[in-house]
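Written out below as structure tokens is the structure these notes cover.
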Amino acid sequence: MKINKNFFLVLAILSATELVFNSIYDGASHRLFWMEANIWVYRLVKLVFVGLFFYGYLNARNKEKRIQQ
């Protein structure tokens, strides 16, 4: 199953937007999956997701460029 490279880019943008808006939130904890987590742990996990999605986008884009050449 091939996932469109733009799908990864959209996921990265949405996750980054949520991370930015979450920075405005003043709470000391946030729900992470099924448990309460420190807000900084939650933000770190979101940042990792943003990085993984953006890496997936760059990897798919580079693979597409190699095929075209």
Side-chain angles (χ1 to χ4, degrees):
M1 182 171 117
K2 181 181 174 187
I3 297 177
N4 191 350
K5 69 177 181 181
N6 294 331
F7 180 70
F8 286 116
L9 184 60
V10 168
L11 285 176
I13 291 171
L14 288 174
S15 295
T17 303
E18 182 182 356
L19 184 64
V20 168
F21 284 127
N22 191 350
S23 298
I24 299 168
Y25 177 66
D26 284 341
S29 65
H30 202 279
R31 298 227 18 114
L32 181 64
F33 302 115
W34 60 88
M35 60 187 160
E36 289 288 324
N38 186 335
I39 193 67
W40 289 105
V41 172
Y42 176 77
R43 290 175 182 163
L44 180 64
V45 169
K46 280 294 190 182
L47 186 62
V48 167
F49 280 131
V50 169
L52 287 173
F53 292 144
F54 193 66
Y55 175 76
Y57 167 74
L58 290 177
N59 193 19
R61 187 182 71 174
N62 289 339
K63 193 179 294 185
E64 185 178 279
K65 281 185 178 181
R66 276 187 250 134
I67 291 172
Q68 288 178 354
Q69 290 179 352

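It should be emphasised that the depicted structure is a prediction, and the values quoted were computed from it without experimental measurement.
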Check side chain to side chain contact (heavy atoms under 4.5 Å, CB included) between Phe8 and all other residues, then give those that pass, not counting sequence neighbours. Ile3, Phe53, Tyr57

Atom pair CG (Leu52) and CG (Asn59), whose distance is rounded to the nearest 0.5 Å: 11.5 Å

Is it possible for you to say whether Leu58 and Ile13 belong to one hydrophobic cluster, with membership spreading through side-chain heavy-atom contacts below 4.5 Å? yes

In sequence, state the C-alpha distance, the side-chain angles, and the governing distance for Leu47 and Arg43, and then conclude on side-chain contact (heavy atoms from CB on, under 4.5 Å). CA-CA 6 Å; Leu47 186 62; Arg43 290 175 182 163; over 6 Å; no

Does any pair with a residue in residues 49-60 pass salt bridge (charged side-chain N to carboxylate O under 4.0 Å, His left out), and if so which ones, sequence neighbours excluded? none

Would Val50 and Val20 show up in the same hydrophobic cluster when neighbours are defined by side-chain heavy atoms closer than 4.5 Å? no

Do you reckon Leu44 sits in the same ILVMFWY cluster as Leu19, going by side-chain contacts under 4.5 Å, direct or chained? no

How long is the straight-line distance from CG of Leu9 back to CG of Leu14, given to the nearest 0.5 Å? 9.5 Å

